[in-house]
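Taking it in order: structure first as structure tokens, then the write-up.
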Amino acid sequence: MKPKEIFLSVFLILSALAGWWAIPQILGKPYLASAVLLYAVVLGFFLLLVKNKWIFWCVSTASFALGIFFFAQDQFLFYGAVAGAAMVFYAVRIKEQEEKASLKILLKRLVGQSLKVFFTALAVFLTFIYYGSVSRNPDPAKLLLPESMFSVTLKLLEAQLQSTIPGFRADATTGELFGPLEREAFARQYGIKLTGKEKISAVLYDIFLSRIKSFVGNYVEYIPFIAALSYFLILKTISAAFYYAALMLIFVILKVLLVAGLVKKITIPAEKEIYV
């Protein structure tokens with residue numbers, strides 16, 4: 001085992017821990033996404049430079065498996081960890097096969113496909129965790145129309161809604177917007193009860209939510225699955241940017257390491273299978 005391999009193994013585990021620690025916090029602190037990018041870059045270097053087979057296979061897969069310690073423990077976490085680790089194992093296999101098949105070093109070919117599979121594995125793992133959380137939601141219809149998103153949209157549409165409801169404000173109560181007779185007519189129209197103390201945003205949200213439920217009908221039980229699928233597609237879209245950023249960083253850092261003499265590029269004879 002070479003010192004370089006020991007260093008990369010330790011660095012990969014540390015970067016993986018940083019990446020997994022950052023993921024649950026990224027929505028509130030977007031800059032922490034850089035920790036995930038770091039994990040991908042270090043994994044790329046690990047696959048490029050580590051030649052010891054045991055370290056090559058075990059450390060790379062174990063780094064992904066560390067994710068189970070950073071999320072709520074349930075069956076979906078287990079499913080996601082197994083699926084993700086299997087995909088990372090496959091990503092490592094791709095790199096090994098590409099290295100055997102390549103006569104020249106082509107960075108995108110050597111680690112590009114492996115990084116794509118890694119980011120897909122990450123998306124699969126997080127999707128299982130997301131599904132585990134939303135499947136327990138007592139009101140699945142809210143997944144199609146989150147209240148926070150509705151409130152923000154309503155705030156943006158205040159000016160347009162004022163032409164229909166004079167003086168409309170998203171944070172106003174029904175008592176501030178409607179007189180007693182108007183409030184009673186509004187309540188009768190939508191089959192609800194109003195005291196005048198309710199926020200108009202909450203009232204409109206309940207109305208829209210009831211319309212969604214009546215439209216979806218018996219298919220409401222499939223909403224968590226649809227939400228999880230949408231979540232996966234969003235993650236896959238975002239991961240494309242991370243993939244190109246990781247590949248670019250690996251390329252630049254590798255050039256620096258080559259110039260500094262910390263990494264060398266050599267030519268070795270290789271056996272090749274052919275038909276004769």
Side-chain angles (χ1 to χ4, degrees), residues 21-36 70-72 74 76 122-123 126-242:
W21 169 80
I23 285 173
Q25 308 178 65
I26 286 176
L27 285 179
K29 302 174 181 178
Y31 62 87
L32 290 178
S34 58
V36 181
F70 293 86
F71 300 92
D74 61 16
F76 295 104
L122 193 59
L126 295 176
T127 299
F128 269 104
I129 294 171
Y130 177 74
Y131 180 78
S133 65
V134 299
S135 63
R136 295 188 292 269
N137 195 314
D139 196 352
K142 289 185 176 182
L143 298 173
L144 294 180
L145 184 64
E147 189 168 3
S148 57
M149 184 184 297
F150 180 84
S151 299
V152 170
T153 304
L154 200 64
K155 188 73 176 175
L156 294 174
L157 295 176
E158 274 187 353
Q160 290 86 336
L161 289 171
Q162 284 173 0
S163 60
T164 306
I165 306 175
F168 179 86
R169 298 191 327 276
D171 58 350
T173 64
T174 54
E176 292 172 332
L177 293 178
F178 304 118
L181 295 178
E182 292 174 317
R183 188 167 67 249
E184 184 179 345
F186 185 86
R188 190 165 51 249
Q189 179 182 354
Y190 293 102
I192 57 178
K193 291 183 179 181
L194 296 176
T195 63
K197 297 179 181 180
E198 304 85 358
K199 291 274 188 178
I200 188 63
S201 59
V203 172
L204 292 176
Y205 179 71
D206 289 340
I207 292 171
F208 273 89
L209 201 61
S210 65
R211 293 293 183 270
I212 290 175
K213 290 178 181 178
S214 63
F215 177 76
V216 174
N218 294 330
Y219 295 100
V220 68
E221 61 184 284
Y222 297 107
I223 290 177
F225 175 77
I226 296 170
L229 180 60
S230 301
Y231 184 75
F232 173 76
L233 294 175
I234 290 170
L235 288 177
K236 279 292 293 175
T237 302
I238 295 172
S239 71
F242 277 77

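Along the sequence shown, residues carry numbers from 1.
- Closest heavy-atom contact between Phe71 and Pro24: CE2-CG, 3.7 Å.
- Between Ser239 and Lys236, the shortest heavy-atom distance links the atoms OG-O, 2.7 Å.
- In this structure, Glu176 and Arg169 approach most closely via the heavy-atom pair OE1-NH2, 3.4 Å.
- The shortest side-chain heavy-atom distance between Leu194 and Phe186 falls under the 4.5 Å cut-off.
- The minimum heavy-atom distance between Ala22 and Leu32, with the atom names listed, is CB-O, 3.5 Å.
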Query raised in the report: After noting the C-alpha distance and the side-chain angles of Leu154 and Phe168, does the key distance pass the side chain to side chain contact (heavy atoms under 4.5 Å, CB included) rule?
Result: CA-CA 10 Å; Leu154 200 64; Phe168 179 86; 4.0 Å; yes
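- We find the CZ-CG distance between Phe242 and Leu235 to be 10.0 Å, quoted to the nearest 0.5 Å.
- Rounding to the nearest 0.5 angstrom, the gap separating the CD atom in Glu158 from the CG atom in Asp171 is 6.5 Å.
- In this structure, the separation between OG1 on Thr237 and CD1 on Ile234 is 7.5 Å, given to the nearest 0.5 Å.
- A distance-only check finds no donor-acceptor pair linking the side chain of Gln25 to the backbone of Ile23 [under 3.5 Å].
- Atom OG of residue Ser230 and atom OH of residue Tyr130 lie 8.0 Å apart, to the nearest 0.5 angstrom.
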Query raised in the report: For Leu126 and Tyr231, what are the C-alpha separation, side-chain angles and deciding distance, and is it a side chain to side chain contact (heavy atoms under 4.5 Å, CB included)?
Result: CA-CA 9 Å; Leu126 295 176; Tyr231 184 75; 4.3 Å; yes
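- Nearest heavy atom pair, residue Gly132 against residue Phe76, reads CA-CD1, 3.4 Å.
- Annotation for Arg183 and Thr174: closest pair CD-OG1, 3.8 Å, computed over non-hydrogen atoms.
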Report task. Could you walk me through whether Tyr190 and Val203 pass the side chain to side chain contact (heavy atoms under 4.5 Å, CB included) test, one step at a time? Result -> CA-CA 10 Å; Tyr190 293 102; Val203 172; over 6 Å; no
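- By the 6.0 Å contact criterion, CZ on Phe150 is enclosed, its count of non-hydrogen atoms from other residues, nucleotides or ligands being greater than 12.
- The CD1 atom of Ile207 sits 7.0 Å away from atom CD1 of Ile200, with the distance rounded to the nearest 0.5 Å.
- To the nearest 0.5 Å, atom CD of residue Gln162 and atom CG of residue Leu177 are 9.5 Å apart.
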